[in-house]
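One structure below.
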Amino acid sequence: MTIARVDAVGLTSLAEELADLLVDTVDDGASVGFLGPLDRAAAIAWWKAWADGVAEGRLAVWVAREQRPVAEEAGREAPPSAQGADPEVPPVGTAGSGTLPVEGAGRVVGTVSLAFPDKPNSRHRAELVKLMVHRAARGQGLGRRLLATAERTAAASGITLLHLDTETDSGAERLYAAEGWTRVGAIPDYAADPHGVPRPTSIYFKRIGATPLTR
């Protein structure tokens, strides 16, 4: 798998593939803000609107894609440096490409985003949102790698506090708990699942990087 941060141009170019990922996530019953069945055209439009937030600096988005070494695709054995590689590449589209690297790349199988507050007194924190892994790519630790990528980048940019909400007792909640996030509590009937049934939501936070002094 290759995980890359995408800019607004890159995100727009991947809107259809990301829409397929979102539809798969909703079909699987995950509570990510949508009711099922989710129309693919609506999902594409949603991702294109999400790109506006990236362009304005309100969002950071990472995309995971399947990747096969170019030598392997040509029928040759890949060199040792490429076998099992899981590179994280810098933001794409900034040099005019607008897309993830195409050599050896496969379909989009995962994504995660960070949402940044616009208030001056909140710029030390960010919200982790829209962590999704396609059902066909689960069981390989991809969700954990996406989460770690967002945390690492946030810390490097000076963010010291992350927070999120997730459906109580979901697989996502178990992931966050296992990765050191602290549960604050739960709100009953906070959001409906894709079937329209109100479900409780758990609130989590995690301190990263340098902890600010308090007075």
Side-chain angles (χ1 to χ4, degrees), residues 1 3 5 18 21-36 38 46 50 53-54 58-64 86 88 109-135 137-215:
M1 304 288 181
I3 298 174
R5 183 173 173 179
L18 285 163
L21 170 63
L22 180 56
V23 169
D24 178 77
T25 301
V26 174
D27 285 348
D28 191 43
S31 181
V32 289
F34 300 89
L35 297 176
L38 178 59
W46 185 87
W50 199 247
V54 175
R58 295 183 287 108
L59 295 166
V61 180
W62 290 264
V63 173
D86 182 27
E88 180 188 340
V109 290
T111 186
V112 67
S113 298
L114 288 176
F116 306 108
D118 58 358
K119 297 180 177 60
N121 67 343
S122 305
R123 290 173 182 163
H124 64 287
R125 62 177 167 86
E127 182 179 9
L128 189 121
V129 294
K130 298 295 182 285
L131 174 60
M132 293 179 275
V133 175
H134 196 283
R135 282 178 285 186
R138 293 179 190 169
Q140 304 176 55
L142 180 56
R144 183 173 290 105
R145 301 208 306 270
L146 284 163
L147 182 59
T149 297
E151 291 178 3
R152 183 168 57 250
T153 306
S157 67
I159 297 294
T160 58
L161 179 68
L162 295 175
H163 63 99
L164 62 85
D165 63 75
T166 189
E167 183 178 328
T168 303
D169 294 330
S170 63
E173 179 170 27
R174 290 188 288 274
L175 170 64
Y176 300 132
E179 293 306 304
W181 288 67
T182 300
R183 187 176 187 267
V184 177
I187 304 174
D189 299 337
Y190 183 79
D193 65 17
H195 304 292
V197 179
R199 295 281 300 155
T201 291
S202 297
I203 311 299
Y204 280 80
F205 76 90
K206 187 173 187 178
R207 294 194 181 277
I208 59 174
T211 302
L213 296 175
T214 58
R215 299 188 180 187

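Side chains included, hydrogens not; waters and symmetry mates left out as well; all remaining heavy atoms used. For this chain, numbers begin at 1 and follow the sequence in order.
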Q.
Would the distance check show the side chain of T153 and the main-chain N or O of A150 forming a donor-acceptor pair, the cut-off being under 3.5 Å?
A. no
Indicate yes or no for a side-chain donor-acceptor contact from T168 to the backbone of P200 under 3.5 Å, with no hydrogens or angles considered.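 Side chain of T168 to backbone of P200, a donor-acceptor pair under 3.5 Å: yes, one is there.
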Could you please spell out the steps behind the side chain to side chain contact (heavy atoms under 4.5 Å, CB included) verdict for L114 and L128? CA-CA 5 Å; L114 288 176; L128 189 121; 4.1 Å; yes
| query | What pairs meet the salt bridge (Lys or Arg N to Asp or Glu O under 4.0 Å) rule with one or both residues in residues 117-128, with sequence neighbours excluded? | reply |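 Passing the test, one end in residues 117-128: no pairs.
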Task: Working for side chain to side chain contact (heavy atoms under 4.5 Å, CB included), residues I208 and I159 - done: CA-CA 7 Å; I208 59 174; I159 297 294; 4.1 Å; yes
- Query: Does T166 reach the side chain of W181, with side-chain heavy atoms less than 4.5 Å apart?
  - Reply: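 Counting from C-beta outward, T166 and W181 never come under 4.5 Å.
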What pairs with [X] under side-chain hydrogen bond (donor to acceptor under 3.5 Å, both in side chains), at least two apart in sequence or on another chain?
{"X": "D28", "result": "R138"}
{"X": "E179", "result": "R144"}
{"X": "K206", "result": "E151"}

At their closest point, which heavy atom of [X] faces which heavy atom of [Y], and how far apart are they?
{"X": "V63", "Y": "L18", "value": "CG2-CD2, 4.1 Å"}
{"X": "G196", "Y": "P198", "value": "O-CD, 3.5 Å"}
{"X": "A30", "Y": "P194", "value": "O-CG, 3.2 Å"}
{"X": "P117", "Y": "A126", "value": "CD-CA, 4.3 Å"}
{"X": "W62", "Y": "T111", "value": "O-OG1, 2.7 Å"}

[X] [atom1] to [Y] [atom2] distance, which is reported to the nearest 0.5 Å:
{"X": "T149", "Y": "I3", "atom1": "OG1", "atom2": "CD1", "value": "4.0 Å"}
{"X": "R152", "Y": "L147", "atom1": "CZ", "atom2": "CG", "value": "10.5 Å"}
{"X": "L164", "Y": "K130", "atom1": "CG", "atom2": "NZ", "value": "11.5 Å"}
{"X": "R207", "Y": "T182", "atom1": "CZ", "atom2": "OG1", "value": "9.0 Å"}
{"X": "M1", "Y": "R145", "atom1": "CE", "atom2": "CZ", "value": "6.5 Å"}

Please list, chain by chain and in numerical order, all residues satisfying ring-ring contact (aromatic ring centres under 6.0 Å, His included) with Y204, sequence neighbours excluded.
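Partners of Y204 by the ring-ring contact (aromatic ring centres under 6.0 Å, His included) criterion come out as none, since no residue qualifies.
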_Using the rule given for side chain to side chain contact (heavy atoms under 4.5 Å, CB included), can you reason through I203 versus Y190, listing the C-alpha separation, both sets of side-chain angles and the distance that settles it, and then say yes or no?_
CA-CA 11 Å; I203 311 299; Y190 183 79; 5.8 Å; no
message: With a 4.0 Å cut-off on N to O distance, would you call D24 and R135 a salt bridge?
response: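 Yes, D24 and R135 are salt-bridged.
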Original post:
Who are the salt bridge (Lys or Arg N to Asp or Glu O under 4.0 Å) partners of R174, not counting sequence neighbours?
Top reply: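 Counting only residues at least two positions away or on another chain, R174 forms no salt bridge (Lys or Arg N to Asp or Glu O under 4.0 Å).
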| field | Chi angles and distances behind the side chain to side chain contact (heavy atoms under 4.5 Å, CB included) call for Y176, L131 | value | CA-CA 11 Å; Y176 300 132; L131 174 60; 3.5 Å; yes
